[in-house]
Amino acid sequence: MPAFDIVSEVDLHVFTNAVDQAGRVIETRFDFKGVDARFEREALTVTMFAEAEFQLQQMEDLLRAALVKVKIDPLAMELGDVKGAGKQVKQLVTMQSGLTSDVARKIVKLIKDRKLKVQSQIQDEQVRVTGKKRDDLQEVMAILRAEELDQPLQFTNFRD
């Protein structure tokens, strides 16, 4: 029976490359010369350090651009609050990995509302969709691509 999984994942290696690339851009930019601005990555979180809040905004834009270049959807970024620490300000950026339960329930509801001949079930941080016809599964993928959800989706483990 054909099936596939709906997941929301961020490849750690690709993410590391994107953060490093954004860090190199900051080192070479004229408006950041002599400024203590940097990215510190730990697993799927990045802490941005700068001397002013507007510089954090610019760093966020650079990080988004670097993520888009390596084909990571910036929707996965979750920005924390800006905190002041002496002469510096910092902001935490967390990458969402795995479907939240709300998004998973929304996906299942979307599939059931279309009355397609497929079954969907939530399994931990992913949704498995099974059906008798491959075309039905591809229609589910098209529906979910067109829908505006709070997380980026990937379709994996497609088998006939």
Side-chain angles (χ1 to χ4, degrees), residues 4-114 120-129 140-158:
F4 71 93
D5 296 330
I6 303 167
V7 297
S8 179
E9 297 174 338
V10 175
D11 184 3
L12 186 60
H13 180 71
V14 175
F15 177 64
T16 303
N17 289 343
V19 173
D20 290 344
Q21 182 62 37
R24 283 193 292 276
V25 169
I26 283 182
E27 290 173 4
T28 59
R29 276 189 47 164
F30 178 76
D31 53 344
F32 281 99
K33 290 283 185 209
V35 175
D36 185 21
R38 66 188 186 284
F39 294 102
E40 287 182 6
R41 186 197 61 80
E42 185 174 312
L44 287 175
T45 60
V46 175
T47 308
M48 299 186 301
F49 293 94
E51 291 180 358
E53 213 169 312
F54 76 92
Q55 290 172 336
L56 284 179
Q57 277 299 119
Q58 292 174 338
M59 290 173 69
E60 177 192 336
D61 293 341
L62 289 172
L63 183 60
R64 282 184 195 277
L67 290 173
V68 168
K69 264 186 194 173
V70 294
K71 295 181 176 69
I72 295 178
D73 196 336
L75 274 178
M77 283 177 58
E78 206 172 274
L79 296 172
D81 294 331
V82 176
K83 297 177 184 169
K87 285 183 163 182
Q88 282 193 325
V89 290
K90 67 179 182 177
Q91 186 173 22
L92 192 69
V93 178
T94 308
M95 299 301 286
Q96 298 174 4
S97 187
L99 291 174
T100 63
S101 59
D102 293 338
V103 173
R105 276 190 246 117
K106 192 184 288 187
I107 289 170
V108 170
K109 186 177 182 327
L110 276 169
I111 293 170
K112 287 189 179 187
D113 287 348
R114 297 295 171 110
S120 56
Q121 56 192 145
I122 300 171
Q123 298 178 340
D124 291 330
E125 294 182 339
Q126 67 182 18
V127 176
R128 168 141 314 149
V129 180
V140 169
M141 287 181 187
I143 289 167
L144 292 175
R145 281 188 186 114
E147 199 65 36
E148 286 294 318
L149 297 169
D150 297 337
Q151 276 184 291
L153 301 177
Q154 292 93 32
F155 306 107
T156 60
N157 216 6
F158 193 94

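When a residue number appears, it is its place in the shown sequence, counting from 1.
For the atom pair CG (Leu79) and CD (Glu60), the distance works out to 4.5 Å, reported to the nearest 0.5 Å. Put simply, CG on Asp5 and CG on Leu99 are 10.0 Å apart, with the number rounded to the nearest 0.5 Å. We find the CD1-CD distance between Ile72 and Glu9 to be 11.5 Å, quoted to the nearest 0.5 Å. The CD atom of Gln154 sits 5.5 Å away from the OG atom of Ser8 when rounded to the nearest 0.5 Å. Taken from CD in Gln21 to CD1 in Ile26, the straight-line distance is 11.0 Å, to the nearest 0.5 Å. Note: Gln91 CD to Gln55 CD = 13.0 Å, rounded to the nearest 0.5 Å.
Side chains of Leu153 and Glu147 form no contact here, defined as non-hydrogen atoms less than 4.5 Å apart. Between Leu12 and Leu44, the closest side-chain pair of non-hydrogen atoms falls below 4.5 Å. Put simply, the side chain of Asp20 does not reach to within 4.5 Å of the side chain of Phe39, judged on heavy atoms.
Minimum heavy-atom separation, Glu51 to Gly34: OE2-O, 4.3 Å. Looking at every heavy atom in both residues, Glu125 comes nearest to Gly98 through OE1-CA, 3.6 Å. Phe49 and Gln88 make their closest contact through CD2-OE1, 3.6 Å (heavy atoms, listed as atom of the first residue, atom of the second, distance). Residues Met48 and Leu56 come closest through the heavy atom pair O-CD2, 3.5 Å. Summarising the geometry of Ala66 relative to Ala22, their closest heavy-atom pair is CB-CB, 4.2 Å, with the distance given to 0.1 Å. Listed here is the closest heavy atom pair of Phe32 and Ala37: CD2-CB, 3.7 Å.
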Residue pair Asp36, Arg38: steps toward the salt bridge (charged side-chain N to carboxylate O under 4.0 Å, His left out) verdict: CA-CA 7 Å; Asp36 185 21; Arg38 66 188 186 284; 3.4 Å; yes
Verdict with reasoning, Val25 to Arg29, per side chain to side chain contact (heavy atoms under 4.5 Å, CB included): CA-CA 6 Å; Val25 169; Arg29 276 189 47 164; 4.0 Å; yes
Worked verdict on Leu63 versus Met77 for side chain to side chain contact (heavy atoms under 4.5 Å, CB included): CA-CA 10 Å; Leu63 183 60; Met77 283 177 58; 4.3 Å; yes
Step-by-step side chain to side chain contact (heavy atoms under 4.5 Å, CB included) determination, Val46 to Phe15: CA-CA 10 Å; Val46 175; Phe15 177 64; 3.3 Å; yes
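Just one residue in the list Ile6, Val127, Val129 forms a side-chain contact (heavy atoms from CB on, under 4.5 Å) with Leu144, and that residue is Ile6.
For the pair Gln96 (side chain) and Pro152 (backbone), a donor-acceptor distance under 3.5 Å is absent.
No more than 12 heavy atoms of other residues, nucleotides or ligands sit less than 6.0 Å from atom CG of Asp124. Enclosure of atom CD in Glu42 is not indicated, since only 12 or fewer non-hydrogen atoms of other residues, nucleotides or ligands lie within 6.0 angstrom. The environment of CD in Glu40 is crowded: more than 12 heavy-atom neighbours from other residues, nucleotides or ligands sit within 6.0 Å.
For residues 92-112, the pairs satisfying salt bridge (Lys or Arg N to Asp or Glu O under 4.0 Å) are Asp102-Arg105, Lys109-Asp113, with sequence neighbours left out.
Partners of Asp11 according to the side-chain contact (heavy atoms from CB on, under 4.5 Å) rule, which considers only residues two or more places apart in sequence or in another chain, are His13, Val14. The salt bridge (Lys or Arg N to Asp or Glu O under 4.0 Å) test applied to Arg114 returns no partner, not counting sequence neighbours.
Relative ring orientation between Phe158 and Phe4 is described as parallel, the plane-to-plane angle staying below 30° on a 0-90° scale split at 30° and 60°.
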